[in-house]
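Encoded as C-alpha cells, the structure appears first; notes follow it.
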Amino acid sequence: MKNNKYKILLLSDLNKSATSELKSAVSLAKMIDGDITLFHVKKPTDIVERESQLSAMRSINEEHIVTNKAIENLINPISQDFKLNIGYNVSIGNVKHEIETYINAYQPDIIVLGKRKSKTLNFMGDNITDYVLKTHKGSIMIANQNKALQPNQEATLGVLNTNDHPLDANFIAGLITKTSQPIKSFKIVSQLSGLENAEANKTVEFVFEKGDSAVDNVSKYASKSNINLMCFDNSNHDKSNTSIKNVINKLDVSLLLTGKNTTMLHR
C-alpha cells in the first residue's frame with residue numbers, strides 16, 4: 001500500500017531548543033498527517049582532536065554512539081506521548097554537503113528549521129537556513145522557540161500576503177479545514193482600500209499599507225491575535241522591506257513558507 005503521508009525533515013543541531021522544535025514538527029505532522037525524520041550533522045573538526053587515524057576513527061565511533069543516544073532521549077518521550085513514530089539519521093562531514101545529499105535522497109515535502117533568538121539566519125554555524133531557503137523549492141517551517149506549536153493544542157493560523165495579487169484560494173481553503181478557529185489573513189498592499197478587519201466566512205482580514213513599519217505592524221497584530229503559525233508564500237513576495245529575511249526576523253511566530261513546488265494541503 002502506497003504511503004501518501006507528507007515527509008517532514010527536521011534539521012536539528014540538538015541545542016537547547018531542540019525539544020520545542022521537535023514538538024512543533026510533531027504538531028505540523030498531526031495537522032497534515034505527516035511522517036517525521038530528524039537529521040543531524042556533526043563536523044569532523046568538532047570530533048577529531050588527534051592526528052592518529054586510529055584515534056580519529058575511535059573518536060568518530062564514540063561520537064556516533066553518544067549522538068544517537070542523545071537523539072533517542074529527545075525523540076522517544078515525545079514519540080510515546082503523542083503516538084507518532086519519529087525516525088532519525090546522523091551524519092559526519094561538511095554540514096552543507098551532508099544536508100544537501102540527505103535532502104536529495106529523502107525528498108522531503110517540508111523542511112523544519114529552528115529560529116534562533118539572534119536576528120541572523122545562521123543554523124549549525126554554517127548559514128544553513130539561508131542555504132535551505134535558496135535551494136529547497138518545497139515548504140519550509142521556521143519553528144519559533146518562544147511560541148512553539150503544541151501537538152495537543154489546535155494551532156491558531158495566520159496567512160501573510162505581501163503582494164497585491166491574491167493568494168491561492170485552494171491553499172486558504174485547505175488551511176481552513178485544519179482548524180475550528182477563524183484564520184487571520186494579513187495583507188500588505190500598495191494602497192489601503194478600507195477593507196481592514198473585514199470578516200468573511202472563516203477568515204478575519206487585516207490590511208496594512210506598504211512601508212518600513214508594515215512587517216512590524218503585522219507582528220504586533222499577530223501577537224495580539226495569538227497566532228502561532230503564520231503561512232507565507234515565499235515564491236511571491238515583495239523584494240524590499242517585506243523580504244523573507246525581514247519577515248523571519250520580525251515575526252515572533254512560527255512560519256510556514258510555501259514554495260514554488262508546494263503541494264501541501266492539496267493531496
Side-chain angles (χ1 to χ4, degrees), residues 3 5-26 28-29 34-80 82 84-118 120-145 148 245 248 254 257 259:
N3 184 359
K5 288 190 173 183
Y6 291 96
K7 296 164 72 174
I8 300 172
L9 176 61
L10 170 61
L11 300 179
S12 176
D13 54 7
L14 303 181
N15 71 352
K16 293 181 180 179
S17 63
T19 298
S20 66
E21 291 163 10
L22 181 57
K23 285 184 177 180
S24 289
V26 169
L28 179 64
D35 285 329
I36 300 172
T37 295
L38 182 151
F39 185 59
H40 175 71
V41 182
K42 285 279 188 183
K43 296 179 185 177
T45 52
D46 293 339
I47 303 170
V48 179
E49 297 179 352
R50 299 171 188 152
E51 45 222 40
S52 163
Q53 184 176 4
L54 181 61
S55 296
M57 291 300 297
R58 186 183 299 118
S59 296
I60 289 173
N61 290 335
E62 290 173 352
E63 186 63 30
H64 258 299
I65 294 171
V66 171
T67 303
N68 287 347
K69 185 64 176 176
I71 293 176
E72 289 171 1
N73 289 339
L74 169 66
I75 67 177
N76 286 345
I78 296 175
S79 177
Q80 293 170 10
F82 301 109
L84 187 70
N85 291 327
I86 302 172
Y88 73 90
N89 277 285
V90 178
S91 183
I92 297 175
N94 177 274
V95 177
K96 284 186 179 179
H97 174 74
E98 294 300 321
I99 287 178
E100 181 181 9
T101 300
Y102 194 80
I103 289 174
N104 290 335
Y106 185 62
Q107 293 291 303
D109 296 295
I110 306 164
I111 294 177
V112 178
L113 302 163
K115 179 181 178 181
R116 297 296 171 255
K117 290 183 179 180
S118 63
T120 65
L121 290 178
N122 287 341
F123 170 77
M124 291 185 175
D126 277 324
N127 208 20
I128 295 303
T129 303
D130 196 30
Y131 170 75
V132 172
L133 286 169
K134 291 177 180 177
T135 59
H136 182 60
K137 303 304 181 184
S139 295
I140 299 170
M141 186 169 88
I142 310 293
N144 188 297
Q145 179 183 352
K245 289 186 179 182
I248 292 173
S254 291
L257 312 173

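When the side-chain contact (heavy atoms from CB on, under 4.5 Å) test is applied to Thr135, the partners found at least two apart in sequence or on another chain are Tyr131. With sequence neighbours left out, the side-chain contact (heavy atoms from CB on, under 4.5 Å) criterion links Ser91 to Phe39, Glu98. Under the salt bridge (charged side-chain N to carboxylate O under 4.0 Å, His left out) criterion, Lys16 pairs with no residue at all, not counting sequence neighbours. In this structure Thr67 satisfies the side chain to side chain donor-acceptor pair (under 3.5 Å) test together with Glu63, sequence neighbours excluded. Applying the side chain to side chain donor-acceptor pair (under 3.5 Å) test to Asn68 and every residue at least two apart in sequence or in another chain returns nothing. Under the side chain to side chain donor-acceptor pair (under 3.5 Å) criterion, Thr37 pairs with Tyr106, not counting sequence neighbours. Here Lys69 pairs with Glu72, Asn73 under the side-chain contact (heavy atoms from CB on, under 4.5 Å) rule; sequence neighbours left out.
For the pair Val112/Leu11, no side-chain contact is recorded, criterion being any heavy-atom separation below 4.5 Å from C-beta on. A 4.5 Å side-chain heavy-atom check between Val41 and Ile99 finds at least one atom pair inside the cut-off.
Shown here for Lys5 and Asp35, the closest heavy-atom pair between the two residues is CD-OD1, 3.4 Å.
To the nearest 0.5 Å, atom CD1 of residue Ile142 and atom CG of residue Leu133 are 5.5 Å apart.
A donor-acceptor pair under 3.5 Å is absent between the side-chain atoms of His40 and the main chain of Val90, judged by distance alone. When atom types are taken as modelled, the side chain of Gln80 and the backbone of Pro77 share no donor-acceptor pair closer than 3.5 angstrom.
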